[in-house]
Colleague: 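Pasting a structure below so you can have a look.
These values consider heavy atoms only, across backbone and side chains, with no hydrogens, waters or symmetry-generated copies. Remember, it's a predicted structure, so these values are computed and weren't measured experimentally.
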Amino acid sequence: MPEGPTILNLRNKLNRFRKKTVTEAGGYGDMDKTGIEGQQLLDIDSYGKNFIFVFRDFFVTVHLGLFGSMLINKRKKSNASFYLHFDDAQINFYIANTKRIEGKPQDHFNYRTDILKDIYDGELVLSTVQDKYKERMIGDVLMEQEIFAGVGNIIRIESLYRAKIHPASLVKDIPEKKLVFLIETVVNYAYEFLEQSKTDTVKEKTLIYGRKICPKDKRELIIEEMGKVKRKTYVCPKCQKMYS
């Protein structure tokens with residue numbers, strides 16, 4: 001599944017479509033596309049793993065999920081789940097989940113929880129994690145999009161390793177200073193990920209994601225599904241402390 005930095009990188013490639021008028025909107029998805037044709041695309045934004053296409057009275061979110069993709073000025077043989085066509089260009093999404101929402105994006109999304117927004121609020125995230133998720137495993141909490149919008153499995157694994165925290169540690173057992181450092185690490189690594197995604201080198205530059213051996217102490221990594229998220233997790237039992 002594309003993570004926040006990948007979506008942001010793709011969104012930046014769509015900047016040329018701002019202020020263009022939609023000549024056709026369609027796709028096999030269930031979302032109501034009535035009234036999109038003829039509308040000016042006022043803005044293109046992103047929140048976490050979602051593209052946001054902003055029109056006058058509503059906006060459309062697009063989530064690629066596990067198998068979705070986007071093509072600009074190209075088409076696949078299969079039908080698009082959602083597309084926007086313009087006089088001289090087109091955006092086509094495949095196997096994507098779309099939602100049409102009345103109003104403005106800022107009234108529906110808390111941009112202070114998006115790890116790649118300038119207004120990301122680490123203090124807000126810290127207090128929310130400690131108050132709402134204190135009984136949860138930190139490896140699960142990092143995947144909660146309402147407070148870590150844009151975090152996916154790679155960012156989760158790499159950030160926990162760099163912060164030296166075992167993903168099975170409960171939030172309530174982790175010292176506050178360590179949680180602060182983890183939140184900072186998540187954001188810093190997200191920006192590294194963003195730069196690497198431009199050259200498609202994210203996976204070749206990970207420290208433990210997709211690896212078998214810890215790069216620091218050379219011992220074999222634990223590789224298994226952990227917690228409620230049931231995602232493949234990579235852990236060094238020596239470098240990453242289990243807080244209890």
Colleague: Just by modelled atom types, is the Y161 backbone N or O under 3.5 Å from a matching donor or acceptor in the K164 side chain?
Modeller: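 The answer is no, because no donor-acceptor pair under 3.5 Å joins these two groups.
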
Colleague: Is the count of non-hydrogen atoms from other residues, nucleotides or ligands lying under 6.0 Å from N15 atom CG greater than 12?
Modeller: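 Atom CG in N15 is packed in, count exceeds 12.
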
Colleague: In the structure I gave you, are the side-chain heavy atoms of C236 and R219 within less than 4.5 Å of one another anywhere?
Modeller: yes

Colleague: As a quick check of understanding, evaluate side-chain contact (heavy atoms from CB on, under 4.5 Å) for V141 and I147, giving each step before the final call.
Modeller: CA-CA 9 Å; V141 175; I147 50 169; 3.9 Å; yes

Colleague: Would you say NZ of K177 has more than 12 non-hydrogen atoms from neighbouring residues, nucleotides or ligands within 6.0 angstrom?
Modeller: no

Colleague: Can we say R100 and E102 salt-bridge, meaning some charged N sits less than 4.0 Å from an Asp/Glu carboxylate O?
Modeller: yes

Colleague: Is there a side-chain contact between L41 and F53 in this structure, where contact means two heavy atoms from C-beta onward sitting under 4.5 Å apart?
Modeller: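 Yes, their side chains come closer than 4.5 Å.
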
Colleague: Any salt bridge linking E144 with R136? Criterion: basic side-chain nitrogen under 4.0 Å from a carboxylate oxygen.
Modeller: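 Salt bridge: yes.
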
Colleague: Is the shortest heavy-atom distance from the side chain of R156 to the side chain of T233 under 4.5 Å?
Modeller: yes

Colleague: Within the distance-only criterion (no hydrogens, no angle test), does the side chain of D114 pair as donor or acceptor with the backbone N or O of G48 below 3.5 angstrom?
Modeller: yes

Colleague: Is any side-chain N of the basic residue among D45 and K117 closer than 4.0 Å to the acidic one's carboxylate O?
Modeller: yes

Colleague: Are F93 and F51 close enough, and set up right, to give a ring pair (Phe, Tyr, Trp, His ring centres under 6.0 Å), and what steps lead you there?
Modeller: CA-CA 11 Å; F93 291 99; F51 295 97; 5.5 Å; yes

Colleague: Do C214 and C239 have side chains that get closer than 4.5 Å, going by heavy atoms?
Modeller: yes

Colleague: Strictly below 4.0 Å, N to O, side chains only: are E135 and K172 in salt-bridge contact?
Modeller: yes

Colleague: Can you list the steps and then say if Y234 with E158 is a side-chain hydrogen bond (donor to acceptor under 3.5 Å, both in side chains)?
Modeller: CA-CA 9 Å; Y234 301 79; E158 290 293 300; over 6 Å; no

Colleague: I'd like to know whether CG of D30 has more than 12 heavy-atom contacts from other residues, nucleotides or ligands below 6.0 angstrom.
Modeller: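 No, because the 6.0 Å sphere around CG of D30 holds 12 heavy atoms or fewer from other groups.
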
Colleague: Taking side-chain hydrogen bond (donor to acceptor under 3.5 Å, both in side chains) as the definition, give me every residue that meets it alongside N79, ordered by chain and number, with sequence neighbours left out.
Modeller: none

Colleague: For Q106, does the CD atom sit with more than 12 other heavy atoms under 6.0 Å from it, leaving out its own atoms?
Modeller: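 Enclosed.
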
Colleague: Quick one: do E146 and K132 make a salt bridge, cutoff under 4.0 Å?
Modeller: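 Yes, charged N to carboxylate O under 4.0 Å.
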
Colleague: Are there over 12 heavy-atom neighbours, none belonging to F67, within less than 6.0 Å of that residue's CZ?
Modeller: no

Colleague: Measure up the F59 and H108 rings against each other and bin them: parallel (under 30°), tilted (30 to 60°), perpendicular (over 60°).
Modeller: perpendicular

Colleague: Please identify which of these residues, I157, V202, L221, I155, meets the side-chain contact (heavy atoms from CB on, under 4.5 Å) condition with Y209.
Modeller: I157

Colleague: For the residue pair I165 and Q240, establish whether any side-chain heavy-atom pair is separated by less than 4.5 Å.
Modeller: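 With C-beta onward as the side chain, the pair stays apart.
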
Colleague: Is the shortest distance from a Lys or Arg side-chain nitrogen in R162 or E192 to a carboxylate oxygen in the other one below 4.0 Å?
Modeller: yes

Colleague: Heavy atoms, side chains only, cut-off 4.5 Å: are N9 and L194 in contact?
Modeller: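 The answer is yes; the side chains approach within 4.5 Å.
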
Colleague: For the pair F109 and Y47, name the ring-plane relationship: parallel under 30°, tilted 30 to 60°, perpendicular over 60°.
Modeller: parallel

Colleague: With rounding to the nearest 0.5 angstrom, report the OG to CZ distance, S159 to F148.
Modeller: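 Between S159 OG and F148 CZ, I get 9.0 Å after rounding to 0.5 Å.
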
Colleague: Would you indicate whether the side-chain heavy atoms of R75 and Q90 approach each other to under 4.5 Å?
Modeller: yes

Colleague: Under a 4.0 Å N-O cut-off, is there an ion pair linking D88 with K20?
Modeller: yes

